[in-house]
2 protein chains.
Amino acid sequence: MVFSTTTQYALKILAYLNENKEGLSNAKTLSRELDIPYKYLTKIMTKFTKNEMIESIQGRYGGFKLINSKIITIYDILKLCDGDRAKDCIIEKIECDEKKKCHYHDAWQKPKESIKKDFLNTNVKGFISKES
Amino acid sequence: MVFSTTTQYALKILAYLNENKEGLSNAKTLSRELDIPYKYLTKIMTKFTKNEMIESIQGRYGGFKLINSKIITIYDILKLCDGDRAKDCIIEKIECDEKKKCHYHDAWQKPKESIKKDFLNTNVKGFISKES
DNA sequence: TTCAAATACTACTTTTTGGTAGTAATTAAA
DNA sequence: TTTAATTACTACCAAAAAGTAGTATTTGAA
């Protein structure tokens with residue numbers, strides 16, 4: 001799919017943590033189970049933790065777990081993992097806002113909104129649930 | 001947005017060509033009007049041409065134009081510009097098909113389909129039209 | 001038939017992303 | 001209070017994507 005490798009890793013990780021809501025998951029296990037390079041994974045985890053998307057417990061017997069109260073959408077992950085690329089306008093990268101629209105701003109509005117809605121509406125923590 | 005720089009360029013280019021259906025648009029003009037590096041643009045154009053998404057006229061007074069009979073979706077562009085990343089499963093990169101599903105294959109089916117549908121349904125050549 | 005302006009091709013450079021290595025800091029159990 | 005297992009930090013390396021340079025080929029008009 002369109003998602004960057006980092007974003008795909010993030011989606012996997014959050015899904016896994018969601019399946020293990022009760023306990024902690026440590027980096028070693030996540031790396032093995034999800035087939036993500038250990039060192040790269042810990043880097044991602046630290047970023048998540050700093051952005052308060054997950055909680056980390058340091059030291060021996062430590063690990064990671066979801067913050068249960070939080071809803072995390074695909075859009076949130078894109079913003080975190082892909083940085084500048086997750087800008088608002090589908091066409092222009094930087095210099096495009098309501099005041100100074102790019103040439104195709106309005107024309108793209110509809111398909112753009114449709115795609116964005118999917119991203120905004122997909123609660124990553126919920127997608128794995130068996131309901132519905 | 002999520003799209004790679006190359007994909008964003010591609011979307012711009014096709015939109016421009018669609019506005020100039022009658023005549024030819026040459027690389028110099030496209031580069032200037034759409035703010036895409038000239039050399040990088042010509043590289044993309046050649047790729048498009050080879051994949052028969054647009055038609056090129058070589059030599060002096062040459063240029064590019066859309067092949068009017070063809071429908072081009074965002075999905076088509078993703079496949080062309082992002083190559084392997086535009087694979088089917090949202091989670092696994094390579095080794096995931098109906099026979100050997102990845103762990104989250106089914107769970108992701110719904111949000112995945114929803115996003116993909118948008119891509120498949122967005123005819124790039126049409127999006128700029130004033131109708132509707 | 002020459003020439004200027006266009007696309008096509010080949011190779012290289014720069015920037016960004018993905019991945020690795022080593023060490024420091026933290027923590028709870030023994 | 002020591003120690004082993006964990007996360008956090010810093011710096012580097014490799015691969016991929018984006019961008020550049022130079023040349024060859026094509027073409028229609030003068």
Side-chain angles (χ1 to χ4, degrees), chain A residues 2-13 17 23-32 34-66 77-87 93-94, chain B residues 2-13 17 20 23-66 77-87 93-94:
Chain A
V2 215
F3 300 129
S4 69
T5 301
T6 306
T7 297
Q8 291 182 49
Y9 287 165
L11 292 170
K12 271 195 194 183
I13 291 163
L17 293 180
L24 290 176
S25 309
N26 66 38
K28 211 171 154 190
T29 306
L30 287 168
S31 168
R32 178 171 20 86
L34 302 176
D35 196 30
I36 301 172
Y38 176 78
K39 283 288 189 180
Y40 196 62
L41 181 130
T42 59
K43 196 189 262 180
I44 297 173
M45 297 315 277
T46 302
K47 199 150 112 182
F48 276 173
T49 304
K50 280 190 175 166
N51 278 268
E52 296 175 333
M53 292 173 86
I54 61 174
E55 181 185 356
S56 82
I57 312 291
Q58 287 190 51
R60 198 173 186 177
Y61 308 102
F64 304 92
K65 66 174 178 179
L66 290 180
I77 298 174
L78 291 175
K79 272 195 297 185
L80 186 60
C81 297
D82 293 347
D84 283 347
R85 184 164 292 168
K87 286 282 181 195
K93 292 186 80 173
I94 313 288
Chain B
V2 216
F3 301 126
S4 69
T5 301
T6 306
T7 297
Q8 292 181 50
Y9 287 165
L11 292 170
K12 272 194 194 183
I13 292 163
L17 293 181
N20 186 25
L24 290 177
S25 310
N26 66 39
K28 212 171 152 191
T29 306
L30 288 168
S31 168
R32 177 170 21 84
E33 294 296 316
L34 303 175
D35 196 29
I36 300 172
Y38 176 78
K39 282 288 188 179
Y40 196 63
L41 180 132
T42 58
K43 197 190 263 182
I44 297 173
M45 297 315 276
T46 302
K47 200 150 112 181
F48 276 172
T49 303
K50 279 191 177 165
N51 278 269
E52 295 174 335
M53 292 174 84
I54 60 174
E55 181 184 356
S56 82
I57 313 291
Q58 287 190 53
R60 198 174 186 177
Y61 309 102
F64 304 93
K65 65 175 179 178
L66 290 180
I77 298 175
L78 290 175
K79 273 194 297 187
L80 186 60
C81 296
D82 294 348
D84 282 346
R85 183 163 293 169
K87 285 281 180 195
K93 290 187 81 173
I94 313 290

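Reckoned from all heavy atoms, side chains included, excluding hydrogens, waters and symmetry mates. Every chain is numbered from 1 and lettered A, B, ... according to where its sequence line falls, protein lines coming before strand lines. It should be emphasised that the depicted structure is a prediction, and the values quoted were computed from it without experimental measurement.
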Under 3.5 Å, sequence neighbours excluded: what are the donor-acceptor pairs made by side chains of residues 41-56 of chain B?
residue	atom	partner	partner atom	Å
B:Thr42	OG1	B:Lys39	O	2.9
B:Thr46	OG1	B:Thr42	O	2.9
B:Thr49	OG1	B:Met45	O	2.8
B:Asn51	ND2	B:Lys47	O	3.1

Go nucleotide by nucleotide along DNA chain C from the 5' end; which of A:Thr6 and B:Met45 gets its closest nucleotide reached first? B:Met45
Please determine, for the side chain of B:Ser4, which listed nucleotide (C:dG18, C:dT7, D:dA18) has the closest atom? D:dA18
Under 3.5 Å, which N/O atoms of the protein pair with N/O atoms of nucleotides 27-30 of chain D?
residue	atom	partner	partner atom	Å
D:dT27	O2	B:Arg60	N	3.1

B:Leu17 side, atom CG; B:Leu24 side, atom CG - distance, nearest 0.5 Å: 9.5 Å
For A:Lys65 and D:dT6, give me the distance from atom NZ to atom C1', rounded to whole Å. 16 Å
Which one, C:dG19, C:dT7, D:dT7, comes nearest to the side chain of A:Ala27? D:dT7
Over how many whole Å does the gap from B:Lys28 atom NZ to C:dA4 atom P extend? 14 Å
Euclidean distance, atom CZ of residue B:Arg32 to atom C1' of C:dA6 [Å, nearest integer]: 14 Å
Using a cut-off of 4.0 Å on non-hydrogen atoms, how would the nucleic acid contact of A:Phe64 be classed: base, sugar-phosphate, or nothing? sugar-phosphate
Any B:Tyr9 side-chain N or O less than 4.0 Å from OP1/OP2 of D:dA18: no
Mind listing the side-chain donor-acceptor pairs of residues 57-65 of chain B below 3.5 Å, one per line with the distance, residues two or more places apart or on another chain?
none

In whole Å, I'd like the distance from the OH atom of A:Tyr38 to the P atom of D:dA5. 12 Å
SG of B:Cys81 to OH of B:Tyr9, rounded to nearest 0.5 Å, is 12.0 Å
Name all residues meeting the side chain to side chain donor-acceptor pair (under 3.5 Å) criterion together with B:Tyr40; count only those two or more places apart in sequence or in a different chain, and write none if there are none. B:Thr6
Taking atom C1' of C:dA21 as reference, at what distance in whole Å does atom CG of A:Leu41 sit? 16 Å
Tabulate protein N/O versus nucleotide N/O from nucleotides 9-12 of chain D, keeping only pairs under 3.5 Å, one per line.
none

C:dT7 OP1/OP2 closer than 4.0 Å to side-chain N/O of B:Thr49: no
Could you tell me the separation between the NZ atom of B:Lys12 and the P atom of D:dA18, rounded to a whole number of Å? 14 Å
Residues in side chain to side chain donor-acceptor pair (under 3.5 Å) with A:Ser31, at least two apart? none
